[in-house]
Protein chains: 2
Amino acid sequence: MARDKEETKARILAAVGRLLAESGFKSLGVNAIAREAGVDKVLIYRYFEGLPLLLQSFAKEGDYWPSVDELVGDESATDAETLADWMAYLLSRFSAQLQERPMTQEILRWELLEGNELTRELANVRDRFALDSLKFLEEKGSFPPDKDIPAISAVLVAGVVYLMLRTKSSSTFMGIDFSSPAGWQRIQAALDTIVQLTVDGKP
Amino acid sequence: MARDKEETKARILAAVGRLLAESGFKSLGVNAIAREAGVDKVLIYRYFEGLPLLLQSFAKEGDYWPSVDELVGDESATDAETLADWMAYLLSRFSAQLQERPMTQEILRWELLEGNELTRELANVRDRFALDSLKFLEEKGSFPPDKDIPAISAVLVAGVVYLMLRTKSSSTFMGIDFSSPAGWQRIQAALDTIVQLTVDGKP
DNA sequence: ATACCGTGTCACTGGGTGGTGACTTGAACC
DNA sequence: GGTTCAAGTCACCACCCAGTGACACGGTAT
């Protein structure tokens, strides 16, 4: 149609993104992508050599994870001082960023139900981001030796991620209603409580 | 074959269970179920009127969630005294039980990526179980008014669930290795730390 | 002009899926 | 023994999917 290879490739990649954000990996196939992109599917095979490599290209070009800088944002915008302050701040920023990234949410869903080469690679990228964040945190206030801050962070981040992924399909969890901001505020407050008492607690 | 309607229905339901535990809801279809059960698929339509109602039957007959009694187990086996003790105990029991129930894990995965009538019903059952557990907990030691124990529990339970669901496809999260028991022990310890300091912390 | 080659189009195969109608088998009942 | 009816079998439909080979177009270099 447009007779422009690069543009066509871009349209295909864009179509992948749209389909992914809207209906997840479950219904992602060559035909659907070609339809969405308004392109013949044979071009997908020509330019990307099949679905797996197309998805790999897609994964490479996208920025599904904020950099640590993006996660932190403007440092002067927070009055965080202690390690606990920073941890609470990062958790709240993380949950806000995740909420704004439907694609990232889909990738997390995908990691949860398929363990192939691509999801493992995506998981590695994600984990590197997580470790960077931990390193940033440690620079803000060194970890108390009697507490396993990485493990504690893992539990809390995992909790945030799970609650976030749930809300798309179901609006209540353990009696907490996530359809209104009030539910999220309770979670936010709980995270703050946990972090302050756990990380800075004087034993 | 066996010419016994009830037995055939049972075989079909059993096949659903096997397929579910082994390959999840993604590849669950009428043909696959019939194959697995060694039964003609037409019988599925005759006896269950299609996949949705079959799954509904399956959901009704199964006990995918432990009762609170099962969750608690033998009360005399623990020396828990305070509310925090009990909370930590329940969390550890919960995670152990979940680990032993691949079907339950699949249901949780399913809830995460499909929001239909059935998953919502399953979610309701699950939430009732969660609320029962909270009630049990409150009988063991009333909730401190300055802390949102349900919200804190929600975060921790969500964290456990997410970490559990991840381990099937990926073995590392935030630098913690879940392929060995050591990783889980760190999580367990982190949960204990959080609960003790958060719930019983003297502010 | 023409031969060439990259881009895009079309038509097709093979296989899996959900779903249905027509058939056979077997046992209980008269 | 023959009838009846539920339980089980078989063959088929329409549809969607991944993947491929053959063809049409349209610039470009010669």
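Within every chain, numbering begins at 1; the chains are lettered A, B, ... in the order of the sequence lines, protein sequences first and strands thereafter.
A close approach under 4.0 Å does not occur between any side-chain nitrogen or oxygen of B/Thr8 and OP1 or OP2 of D/dA7.
Comparing B/Lys5 and B/Asp40 by the nucleotide of DNA chain D that holds the closest heavy atom to each, the one mapping nearer the 5' end is B/Lys5. A residue-by-residue look at A/Val30 and A/Val42 shows that A/Val30 has its nearest nucleotide of DNA chain D further toward the 5' end.
Counting to the nearest Å, the P atom of C/dG16 and the CG atom of B/Leu28 are 18 Å from each other. A/Lys41 has its NZ atom 14 Å from the P atom of C/dC12, to the nearest Å. A straight line from CD of B/Glu6 to P of D/dA7 spans 9 Å, rounded to a whole angstrom. In this structure, A/Ile33 places its CD1 atom 13 Å from C1' of D/dC17, rounding to the nearest Å. Look at CD1 on A/Ile12: it is 12 Å from P on C/dT7, rounded to the nearest Å. With rounding to whole Å, B/Asp4 atom CG is found 12 Å from C/dA28 atom P. Atom CG of B/Leu43 and atom C1' of C/dG19 are 14 Å apart (whole Å). Per the geometry, CG belonging to A/Asn31 stands 16 Å off P belonging to C/dG16, to the nearest Å.
Ring geometry for A/Phe173 against A/Tyr162 counts as perpendicular: the plane angle is over 60°, on a 0 to 90° scale with 30° as the lower cut.
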**Asked** salt bridge (charged side-chain N to carboxylate O under 4.0 Å, His left out) between A/Glu106 and A/Arg109: does it pass, once the steps are laid out?
**Response** CA-CA 5 Å; A/Glu106 287 306 326; A/Arg109 277 203 186 79; 3.1 Å; yes
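Minimum atom distance to the side chain of B/Arg35 is reached by C/dT17, of the listed D/dC17, D/dG8, C/dT17.
Remark: the A/Thr172 side chain and the B/Asp127 side chain contain an N/O donor-acceptor pair separated by less than 3.5 Å. One side chain, A/Arg101 or A/Gln97, offers a donor N or O that lies under 3.5 Å from an acceptor on the other.
Looking only at side-chain heavy atoms (C-beta outward), A/Val30 and A/Leu54 stay at 4.5 Å or farther from each other.
More than 12 non-hydrogen atoms from other residues, nucleotides or ligands lie less than 6.0 angstrom from CG of B/Asp74.
Taking the side-chain contact (heavy atoms from CB on, under 4.5 Å) definition, one finds that A/Glu49 meets it with A/Leu53, sequence neighbours left out.
Contacts of residues 44-60 of chain B with DNA chain D (heavy atom under 4.0 Å): B/Arg46, B/Tyr47.
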